[in-house]
Protein chains: 2
Amino acid sequence: MTYRSEADFLKQYNARDYDSPLVTVDVAIFTLHEGALQVLLVERGDFPHKGRWALPGGFIDIHSDDDLDACAHRKLKEKTGVAAPLLEQVCSKGNGLRDPRGWSVTALYMALIPHAPTADFVASVNDARWWPLDQLGGIELAFDHRSLIATARERLKNKTAYTVLPVHVLKRPFTLTQLQRAFEQLMDATLEKKSFRRRILNAEILEEVGEGIPEGGRGRPAALYQPATGSEQHLFARVFGEGL
Amino acid sequence: MTYRSEADFLKQYNARDYDSPLVTVDVAIFTLHEGALQVLLVERGDFPHKGRWALPGGFIDIHSDDDLDACAHRKLKEKTGVAAPLLEQVCSKGNGLRDPRGWSVTALYMALIPHAPTADFVASVNDARWWPLDQLGGIELAFDHRSLIATARERLKNKTAYTVLPVHVLKRPFTLTQLQRAFEQLMDATLEKKSFRRRILNAEILEEVGEGIPEGGRGRPAALYQPATGSEQHLFARVFGEGL
DNA sequence: CTGTATTGTTGGCTAACTGCCACTATATAG
DNA sequence: CTATATAGTGGCAGTTAGCCAACAATACAG
């Protein structure tokens with residue numbers, strides 16, 4: 001079939017002939033709680049993989065989602081009621097095996113939020129719960145979500161090394177020690193106290209807002225910090241390690 | 001409709017009811033030539049956007065493409081005949097406006113290869129040519145490809161700062177000065193000669209393979225290098241700036 | 001053959017940053 | 001008051017980065 005113009009083409013076009021993959025968006029929502037990195041999972045209520053645990057996500061609604069990011073924000077909000085400041089795309093994966101319904105593509109996002117009990121979230125979601133990453137070995141996950149979680153966790157680790165991403169996981173205000181613990185847990189490494197403080201404070205991204213002892217804490221009161229006003233852009237950008 | 005089991009579900013499932021987005025893969029293939037960063041574009045022979053310049057790419061073939069990466073490799077090879085060592089996913093973009101046919105998602109990849117005239121590529125592709133990035137202002141690009149090129153170029157710049165990615169754009173062997181020029185063009189910055197050499201040589205990713213004067217060059221002959229055997233994994237990994 | 005231009009390579013200095021560890025400060029528990 | 005726990009600082013040695021000048025090896029003009 002030949003067309004004479006764009007308008008002519010579009011008038012005759014429809015998508016029926018394409019064997020098109022399914023497209024989903026999945027969101028790995030991470031938090032730190034009780035010393036463990038946790039991810040929010042939902043127990044699937046429908047086939048396929050009914051009863052297994054899955055990342056919040058699903059099909060794009062092409063009638064209401066303006067774009068992929070908006071779709072991810074919608075899915076995050078449906079499950080947590082939170083409009084997370086840190087929600088970003090990790091990658092997309094697609095193949096013919098990951099979903100029994102056929103060739104499918106998922107756009108994987110990750111979010112980082114301060115911990116709250118799932119009961120505090122939107123009431124209708126009662127099959128959602130936080131799972132510590134090191135307890136995922138024993139449960140059945142839907143689709144390729146075990147692999148997706150691993151990919152998102154890896155990205156989280158890498159970005160932590162050169163941004164101040166961990167501030168998103170803390171309730172404000174926070175102490176430098178709490179921030180260091182967050183860095184350490186997300187990076188899966190231990191950091192030297194003095195060096196850490198030097199770098200964070202030299203970066204001039206935090207402002208001091210008094211001092212106090214965090215609840216349940218002991219010892220000398222610590223200075224309390226929050227992201228400096230006007231530094232919101234820094235919360236997403238490279239802060240450490242300019243490279244070459 | 002309710003199902004009694006996974007098998008029952010799958011037997012009755014079909015995808016026709018979903019208003020599913022179109023899915024494409026686009027590849028931004030970059031090279032350096034005559035001091036300019038260039039991208040390979042193809043003149044579209046069909047509607048929509050017939051006659052405009054576009055990134056190599058198109059629909060996934062769910063019958064022959066094993067996964068997204070394989071699809072990207074196929075599209076790269078169709079246009080260049082090259083199996084590029086550096087081909088990686090940048091991001092995915094999806095919305096209802098980028099393609100006149102409707103809501104669509106594209107998985108954007110970028111590749112970096114040494115320059116060769118497009119005539120050296122697969123003969124059947126005669127509407128492909130290299131475009132210097134700074135000359136794209138004057139031509140008509142298809143879909144949102146101007147934006148996709150900008151996104152890929154940004155990723156290229158960022159990754160150059162902490163990897164040895166520019167070695168992929170040079171014919172081997174190369175001199176340290178050539179490598180420095182490649183870094184500078186990809187990062188859009190100037191680097192200090194001694195510091196650059198220190199870091200590159202300390203990283204122990206190059207091996208010396210004699211010396212000579214690159215064609216058309218003047219002055220003292222330079223040591224020639226190529227990626228050290230067994231260092232292929234380093235060509236993709238973070239080399240500079242360990243972060244925290 | 002000699003001088004000059006051009007490019008490659010190295011030495012060495014200062015300033016900044018990092019890792020390390022000990023020391024001081026301020027709270028609570030008993 | 002004493003012991004313990006946590007917060008914050010001082011200071012040094014080793015490493016790295018930026019800077020720039022000196023030196024080396026070639027081509028080419030005359």
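Below, chain A is the first sequence line, B the second, and so on; all start at residue 1.
Between A/F240 atom CZ and C/dG19 atom P the separation is 12 Å, expressed in whole Å. Straight-line distance from the CD atom of A/Q180 to the P atom of D/dA7: 10 Å, rounded to whole Å. Rounded to whole Å, atom C1' of C/dA22 lies 12 Å from atom CD of A/E192.
Between A/K75 and A/E78 no salt bridge is recorded (no basic side-chain N to carboxylate O distance below 4.0 Å). A salt bridge links A/E88 with A/K159: the distance from a Lys NZ or Arg NE/NH1/NH2 to an Asp or Glu carboxylate oxygen falls below 4.0 Å.
In this structure the side chain of B/P114 never reaches within 4.5 angstrom of the side chain of B/R172, judged on heavy atoms. Residues B/L133 and B/F30 meet the side-chain proximity criterion, which asks for heavy atoms closer than 4.5 Å.
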Could you run through nucleotides 7-17 of chain C and give me one letter per nucleotide, 5' to 3': B if any protein heavy atom sits under 4.0 Å from the base, S if only the sugar-phosphate is that close, - if neither?
BBBBBB-----
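A distance of 3.0 Å separates OG of A/S147 from NZ of A/K93, quoted to the nearest 0.5 Å.
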